[in-house]
Each structure stands twice: as C-alpha cells, then as structure tokens.
Amino acid sequence: MNKIQEPKAAIGQAIDRVEGRLKVTGRAKYASEFPVEGVVYAQGLNSTVAKGRITRIDTAEAERQPGVMKVITHQNALKLATPDEKLLKLDTKAIAPVLQSPEIHWYGEFVGVVVAETFEQAQHAARLVKFEYEKDEHRTEYKDAGEDDSYAPSEDMQHRRGDVEAGMAKADARVEVTYRTPVEHHHPMELHAVIAEWDGEKLKVYMPAQMVNDATIGISDTFQIPKENVHVISPFLGGGFGSKLQAQEHVMLGAMAAKMVDRPVQLTVTRQQMFTNTGLRQENFQRMQLGATRDGKLTALVHDTLSHTSTEKEYQEPCGAASKMLYQAPNARITHRLVPINLPYPWAMRAPGEATGAYALECALDELAWKLNMDPVELRIINDTQVDPSNDKPFSSRLLNECLRIGAKRFGWDERPKEPRSRREGNWLVGYGVSSASRAAPLQKSAAKIILERDGDNLQATVQTDATDIGTGSYTIIAQTAADYLGLPVERVAVELGNSDFPTSAGSGGSWGAASFTNGVRSACLNITDTLVTLAGHDSTQGDDLVTLMKKADLTRHEAEGSASPTEEFDDYSVYSFGANFAEVWVDADTGMSRLKRILSVGSAGTILNPKTAYSQVLGGLVMGLGMTFMEQSKVEPNHGNFITRSLSDYHVPVNLDLADIQVVFLPEEDKIANPMGVKGIGELGIVGVASALANAVFNATGKRMRDLPITPEKLIATELEPGLARK
Ligand code: MOS
C-alpha cells in the first residue's frame, strides 16, 4: 500500500462519547438486561470448605420449593471438557470446566446451581441445598515457601543478564528489601452475568466479554461443540479490569443449566461470589536488590517474586515485567515462582505485573535515592536507556525522561521537602513522591467491516467489529477513526461492537484494544475506498469523495473488510507507553491517616485519539492506584480459608471524597513503528507506578518506609522511622 496522508480531523478531538446518551438514558443494554423470552433464573452454590470432597448432597427440600426446576451438582452435571494436565494454564481462551468432580480446591468453589422460574425462587432454594464434605487440611499461606515448596511457572518469566553478584560487589550503595502486595479483586461495577439460550446445538450467550472471540473459543471448547455454534453478544460492559477477559465457570454453569432445563437461563454472579469465582490479583512477595555507584548508575538489579496460584489453575502476574526493561542495569535477575494453595485462581487484573511490580521497583529506587542522597527524579533520568536491556532492541519511542522532567517542572518538584518528615501543615505531615511508569503497547490482529449506504448525496457508514467497549470509549474512538478515513463527519458513522458475528478483533485487554481496533478500522476504510475507486473506473480517488465514487459506480450500498496486524518492523523494536507520576500526600501525624492531596500523571502514548476519553482512562487508573495504595485488600481467614472481606463495605475502594487535584498530561509523540496511526495503549499505564509515587510521598512525609500494601493508619503507626532518620 502506498504511503497515505494520515488524516486528523476528528481524531485527536475531545468529542463526547457517541454512546453517552444511550448510557445515561438506560438504553445501553448490559448482558443481564436483554429481554429474552421465557428466561428462567439460576443461582450458583459455593463450597464451604477450602479443600476436600463432597460426600453427600441433599437436594430434596430445595426441589420441593415452588418454581424450582432443577438442582444441578457434580452428580448430574453435563460432561464438559477437562484439562489434559493437572494444572490448567489460564489464558483468555481457556476452558472452564465446572461441577465435574466432588473434589474441592478452594472455599467458595462452585458446587452446584439451582434453576427456578424466578430469581427470588432460585435464591431461596439455593439456601436449602445441603452438602456434606470430607475435609482435608488446606493451605492458604505460603510466604515462607522455599525452593522445594515452589516452582517456576515458565522459562520466559525468568530473565538473567550479566553477573548480578559482581554488579552488587561493585556497588557503593545497596538496597535489599521485600515488598508485599495483598490479594485484590477486580470488582467492576457491573456484576458478571450470563443469559444462555440453546437452539438445538447452537448456543447464544449474552455476557460481558472483554474478548468476544476468545469467549466463543472458551465456551465451544468447554462444551466441545463447533465454535461456529457459539454466538456471543456483548455490546456494553460495566468495567472489566481483566476479570472479563475470558468465559469463566459461571458462563458454563449458565449454559449447562439452560441445556438441562431446555429454557434460556440467566445467571448473575453475586458481589460475594465475585470474591471467589471470577479471578483475583494474587498476593505477591517481591524481593528487590539494587546496587548503584555513588553517581547513581545501577550496577545490579534483582527482582524475585513469590506468588500463589490455585491447586488446579495456573496464572502468574509478571511482577518483574518493568524491572526487566525500564532501566539500564547491566546485571539483572528477574524470577517468578509460584506456590499452589487453596485459594480461588488468580488472574490478570489491570496492568498485571506492572501495577504490583512497579510498586516494588519504584519504591526500591526511592530507597536507593535516599541512600545515595540523590534526587529520585535524577536517579531515574541517569538510568534511562533508549535500548531495551532485556532484548537489546531499540525502543520505538521512549519519552520517559521527558515525562519526568516536564512533570517535575509542572508539579513544582523543587518545592519537595528535602528531608523526610520536615514539613508540617498543622497536624499533617506533607510529602512528595515520584515514580516512572511503563506498559507494553502491543498491536494484535484486528479486523473490521465498513458498510456504506448512500441515499442521494447522503452517505451513512456503519462499522462492525467484535471489539468491545468496557467503559473505555471504544465506540467513540472507532467512530472518530472511521469518520476521518472515510472523509465523513462523526455523526455519519454508526458503530456496532461486541458481537461474534462481526469480524474478529483483538478485544479489550492488555492495553492493545485502542491501537488494534482503530488500525483495523483504518484498514477497512482504506479497502472500501480502494474498491470504490476501482468500481468507479479510476486509478485513484482523483479528488472524488465517497459519494461521488459510489455514484460513478452506480452503487447505493457497498461494504468491505480490513484488518491490521503488527508490521515486521514491529518485532525489531520494543514498543511501550511511558509515564511519570508525581504525588503530594498528607499524613495525619497522630492517626496515621493518609490523604492524597494532588497527583500529576504525565504520559507518552503516541497518538491520543480522544483527549477526553484518554483522560478518563488515566484518571480511572490513578484512582484505582489510589485504592491499591491505601485501601484495597482481600483478607483470608486462615482457619477456614475463606475471604472475610465479602462486600464493598469491607473491601474498600476510593470514593469521591478520597480524590484530590488530579491532573493528566500527554506529551505529543509520534510513533509510526507502533502502528500506522501511532496509537499506543493507556488502559493500564495509568495505574502503573501510582502506589509507589504515593508510598514514596508517605516516606517523604513521615520518614517511614511502607513495604506492605495497603498503607493503612494502623500499619503506619506501627512502622518505625527509617534507621538513618531515627539517628538524626
Ligand atoms: Mo487487562 S488485566 O488485560 O483487562
């Protein structure tokens, strides 16, 4: 294809969400809202032991209740595909067998489902099904696990370069500390839900799916039916954060129930079940070792992560992902190890690896800067690299130092208290903190179809792709893209998403959505223009718009597909978005209560398609990072192995009153290696580094190193001043 002039009329404009009106008027349909005729309701049942097996089930009383159609347990469940190996490796296409055996692997595992005519009848009867268990000793703790009690999940999670021991020996200053992050849960506002409807061997599934195509694969593989027989519909999602990347067990429960009662079945996962049945961010123990010369050059970097997985499903968030590539450390070792325990399976949660990993890395750098008596911004700048040290590939574009410098200036970093615990405002201790952020900016194959309909001189375009809008603004940026590449106003473009009948896209995940969808749509637009040129008998558009070309070709309707894939050039580079966070935190000197006062995020992520939706994305990441720092944690009661945080009244997330002055800035950046439109992801970048900027600000305010998230008042009060400080 010839080099084309990339248009930018609608692209880059802060236009309102094109689907906004549908949402605020309640006309945007979420999975559980589809009016499916004859629908009945299912309620999942959960185990009340963490390990063992079901020995007896009494369904009689439940079955006697009015409206109850069926109680399904492992004794009468449909046979589903089961994994070939003991540990099922989780990915976005994974099968999700459920009710296939009496064995229990974690507290809250699905052990049955009740189907009834109404939601209330199903809920009522669910309480009356009785299970008896033979209990085995369970394990939910693992922090002291050693080499023989843990395993390395895969070789590509381990990285070594240079000679770490030699690097540490050369260092003038060293940091050796362990950081802990707790179990967190995704908790999108929209509960997981499914409506499943069979028509013979064909299955229609309404569900919130971040990746529609992969959901059809997971479902068809689990039921062992052809993929073409599974139709997934997911036009709107009320958040996902990773928890809706794949079809999980509740989807299979709903579909199984629908098959067995021969009616469409709706199953909504309760908020309590979202602690036990839809994935979690695992607890991580991250051991960091940094060594540096007097002038701040890193001589060695070690990042060893110990995490847990479930005893039958495997996932590990790559906490060392940023440590591997962010700084020019010639000697490095990045390892990840897992211990299988009796907790629900872990799964990707917003910036899996980077969000938690950057907390360890960027706090350790702050500790190093303190030891070197160096400005933490300067320490980061000194260790910048334009070549990815993990694979020796140049970065396609890396403006990290610019983010740090410009951010420092805008934030007023030179006003930072030079000594920790040296600034007070009344009873508040005031501190500043900084962190870097990085997140891979992948492009995944993504296709789209454009339909043009001409009525006289009026042209209407419709874009169809199975891409999803998880609250991020996909509808809007796709409309902007199609408008520009078709030469139409945005109002003339309709966007239809989230349907497996549409061309396969990358789906929303891993910060690849926006870049992949829009480049796929661009490609479809270029194709439709090319084919119209040919049909009109031209060699080029000759300056004609699409209406004129369609008239010349005597067409009132025309459609074409197109798709984007990473270029070959892409593989020769490391492609990332970068950012820097600057935060001011106030800590009450007596109660240890922390408050975010202001935060500035400076990002470089290539073309910003829509500054308004992009701002919202990063804002959401910052707020989630705020929750990660001071609030979010899922606590396990070790004797029973269950989560005792079971609702949003004890699993705390930030509310408006917790927020502060939040500023988001994107630097202009052109990155044509990333993809033709130069778009790089921001869905996850916003949360990366937030916890460290805040924890570093807490240190600057209080002189206390908080190495265990969340930073709660009781932990702050119990933590001693840093030794160097206490001596002063
Ligand atoms: Mo993301 S954790 O790939 O939604």
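Note that ligands are numbered from 1 as they come in the structure, with each ligand's atoms numbered from 1 the same way.
Under 3.5 Å, the side chains of D466 and S500 contain no donor-acceptor pair of N or O atoms.
Scored by the ring pair (Phe, Tyr, Trp, His ring centres under 6.0 Å) test, H303 finds no partners at all (sequence neighbours excluded).
The closest side-chain heavy-atom distance from Q633 to T645 is not below 4.5 Å.
Taking the centre of each ring, F395 and F578 come in below the 6.0 Å mark.
Atom NZ of K23 sits in a crowded spot, with more than 12 heavy atoms from other residues, nucleotides or ligands closer than 6.0 Å.
For ligand 1, the protein residues within 4.0 angstrom (heavy atoms only) are Q210, F241, G242, L245, A348, M349, R350, P352, G509, G510, E684.
Y651 and F275 have perpendicular rings, their planes meeting at more than 60° on a 0 to 90° scale where under 30° would count as parallel.
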